[in-house]
Number of protein chains: 2
Amino acid sequence: MATIDDVAKAAGVSTSTVSYVLSGKRPISGPTRARVEKAIRDLGYRPHAGARALASSRTNVIALVAPLRVAVNVNVIMEFVTGVVTAARNHNYDVLLLTQEDATGIDRVSSGSMVDAIIAMDIEEDDPRIPLLKAARQPAVLIGLPRDNAGLSCVDLDFFGAGAATIRHLAHLGHTRIGMLGAPTAVWQRHTSFWDRTLSGAHYEATSKGVTFTAIPCEASEVGAHQSVTELLRKAPDITGLVVHNEAALPHVVAALRDTGRAIPEDISVVAICPQHLATSQPQPLTSVTIPATAIGKVAVDMAMQRLSDPEQPAETRLLAAELTQRATTATLHSAAENTSGDTASIGLM
Amino acid sequence: MATIDDVAKAAGVSTSTVSYVLSGKRPISGPTRARVEKAIRDLGYRPHAGARALASSRTNVIALVAPLRVAVNVNVIMEFVTGVVTAARNHNYDVLLLTQEDATGIDRVSSGSMVDAIIAMDIEEDDPRIPLLKAARQPAVLIGLPRDNAGLSCVDLDFFGAGAATIRHLAHLGHTRIGMLGAPTAVWQRHTSFWDRTLSGAHYEATSKGVTFTAIPCEASEVGAHQSVTELLRKAPDITGLVVHNEAALPHVVAALRDTGRAIPEDISVVAICPQHLATSQPQPLTSVTIPATAIGKVAVDMAMQRLSDPEQPAETRLLAAELTQRATTATLHSAAENTSGDTASIGLM
DNA sequence: ATAGATTGTTGAACCGCTTCGATGATATCG
DNA sequence: CGATATCATCGAAGCGGTTCAACAATCTAT
């Protein structure tokens, strides 16, 4: 492997000149720069990452802490990861992948100076990683919103707004009895931050709009989806609107509703909170609030880069606005009443 | 950050002694070792990864090249990644994540000495990455089996054997008209290695067992699955056995078969090639050949480590034996005949 | 013509660790 | 008892870059 000295020799300049050509931190005359660049090309020279990291205290690597268990939401996670990796490359950064499960990971890569910044996803309200991230010498960006985020940058979809938007949309269409199928019980109990916030937003909007609102958990499997639909319809048999915030269960929920003889959107309107491709790839495109996973990943990287370039930069929290797109699965209660018994309509007036 | 010199000073020894305590490459007396270890603990010392890499030409990082596009088989990919990351940690290695799309990635991390080895997944017959991997100074391990694998280590499920096993199983149950739904057209055309081999194995076994065999592609979506099922039943209306090698389409295929009025396994036996959790999590557990993704990821890492510890170690190819597990979706043609018209049975005798 | 500023390049120190050869102290043997 | 082997530790030379102070050469203003 050619070293920087080999290049310098070949170009007839000092090693520092080569370094400055590479980094652009000092002006180099045209002819000199050309000679150096030729030598680099001829020798196929590539700076040694370790040497560079040692001398400059920059690794050009960021750590990404991701939940790699076979999770309910692999699709969403994958999209986050893709967004992060792609954005990182645009800043000339590579990504070191850590699993949530490897508790020592954060400390290891941080105090070992393996990375310049850390991005952690799937953050819970009281996430055990928070103290580690605060203690790290490198800036950290969380994808999610923990209870205590002092000194840490956070990005996420405005899930409170997302929850509210779904209710507002359904209420606007005339629905007054609304149900919600959410995360699996485990996520619910873990107080994963996104889920708590969706629920609050929905509750808040339901209260202020005066509509009844019933939310229950939903497992990710086909069987679980059927059970949850059954239970929800038992608890609140008169609902005409349903919010589903569970990517994995989505298709099964739709199927289960049909199995009960309910037509979508004639008998029941359905709005999802999920990545866009999931909403549009269904046989009947779903009205949905998009989870812009790729965009969030990109913002996370950008925030990390910002804090690297200006260490004085204070931590900030950025919540991306929720946008609801109406597709084929929601309709006004009025038009629904045309195709169904008067019961539903009268209930709507209660 | 404390350096090795700080530790040496605190322990009253030379820096090299500290280094040898850490690496164990030279014997150190009990008392000395104890003093050094105490100093390390007191100072919270962690070796600087860059410095270490520079001095030892070992980074303790491996690169993993993964297809991060939202692929049909996110679940499987995720499982490979998990297997690799977990296994890597057991060897005290971290994982740098590269995307397939970033063509420069392999060369960058290789010639920049960012990693000690490279693992590439989702290999095609004539994969454009092969020349890059051969040119790399670091050992490479492929998950998949390209046409030309000289000098490269490969691991994969024995997909030829898997394809053969599905046919053998169905033939053993008396089925003589067998259909197969495979990868999407794109994968088929790309000659992704696993799919070609499954097909060959199935064909080979079908020929030798004298059963008729019809395979067509299948897209990953619900709509695509329905279309493929319809087309297959048009081309080969008399099939009593079906092999599905397409994780994403699996549940939709099952649903589509039911929609045609066929009961599983009474009217048609179904065997899948997919990760185990997918087969068992269906409402009706599927007879399947397991894709042991986690295990393959682990083997890939182990092979890489082996070649690192002994550079003379020649490249080898390891194909994990395919194992078929019978569950609820396959039955003998005889018992099927009891519940169906004589037509099927007579065709079975042809 | 000369002091001062600007531009382009260099030499050398340093980043933090590994590893090899050397050294002194003990143990082993004929 | 002296010669030799063994054990534990040390000093110093890299590994391959970055960066700073300094210097030479050229340009501007007086």
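Throughout, protein chains are lettered first and strands after them, A, B, ... in sequence-line order, and every chain is numbered starting at 1.
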### Query
Between the main-chain N or O of A/V141 and the side-chain N or O of A/S153, is there a donor-acceptor pair closer than 3.5 Å?
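Looks like no, no N/O pair under 3.5 Å.
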### Task
Go through residues 14-27 of chain A and report each residue with a non-hydrogen atom lying under 4.0 Å from DNA chain D, sorted by number.
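The answer is A/S16, A/S19, A/Y20, A/K25, A/R26.
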### Query
Contacts to DNA chain D from residues 29-57 of chain B, heavy-atom cutoff under 4.0 Å, which residues?
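Nucleic-acid contacts, sorted: B/S29, B/T32, B/L54, B/A55.
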Does either side chain, that of [X] or that of [Y], offer a donor lying less than 3.5 Å from an acceptor on the other one?
X: B/S19; Y: B/S16; answer: no
X: B/R137; Y: B/S113; answer: yes
X: A/H91; Y: A/N60; answer: no

### Query
First contact, last contact: which nucleotides of DNA chain C are these for chain B, 5' to 3', heavy-atom distance under 4.0 Å?
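The protein-touched segment is C/dG16 to C/dA22.
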Answer yes or no: is there an ion pair linking [X] with [Y], defined by an N-O contact shorter than 4.0 Å?
X: B/R197; Y: B/D158; answer: no
X: B/R190; Y: B/D122; answer: yes
X: B/D127; Y: B/R147; answer: no
X: B/K9; Y: B/D5; answer: no
X: B/R318; Y: B/D156; answer: no

### Message
Going by side-chain contact (heavy atoms from CB on, under 4.5 Å), name the residues that satisfy it together with B/S309, two or more places apart in sequence or in a different chain.
### Response
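With sequence neighbours excluded, B/S309 shows a side-chain contact (heavy atoms from CB on, under 4.5 Å) to no residue whatsoever.
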### Task
Please name all residues satisfying ring-ring contact (aromatic ring centres under 6.0 Å, His included) with B/F80, sequence neighbours left out, ordered by chain then number.
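Once residues adjacent in sequence are excluded, B/F80 has no partner under the ring-ring contact (aromatic ring centres under 6.0 Å, His included) criterion.
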### Task
Kindly compute the distance separating CE (B/M305) from CG (B/N92), expressed to the nearest 0.5 Å.
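The distance works out to 9.5 Å.
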### Task
Provide the start and end nucleotides, 5' to 3', of the part of DNA chain D that has atoms under 4.0 Å from heavy atoms of chain B.
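Going 5' to 3' along DNA chain D, contacts run D/dA8 to D/dG16.
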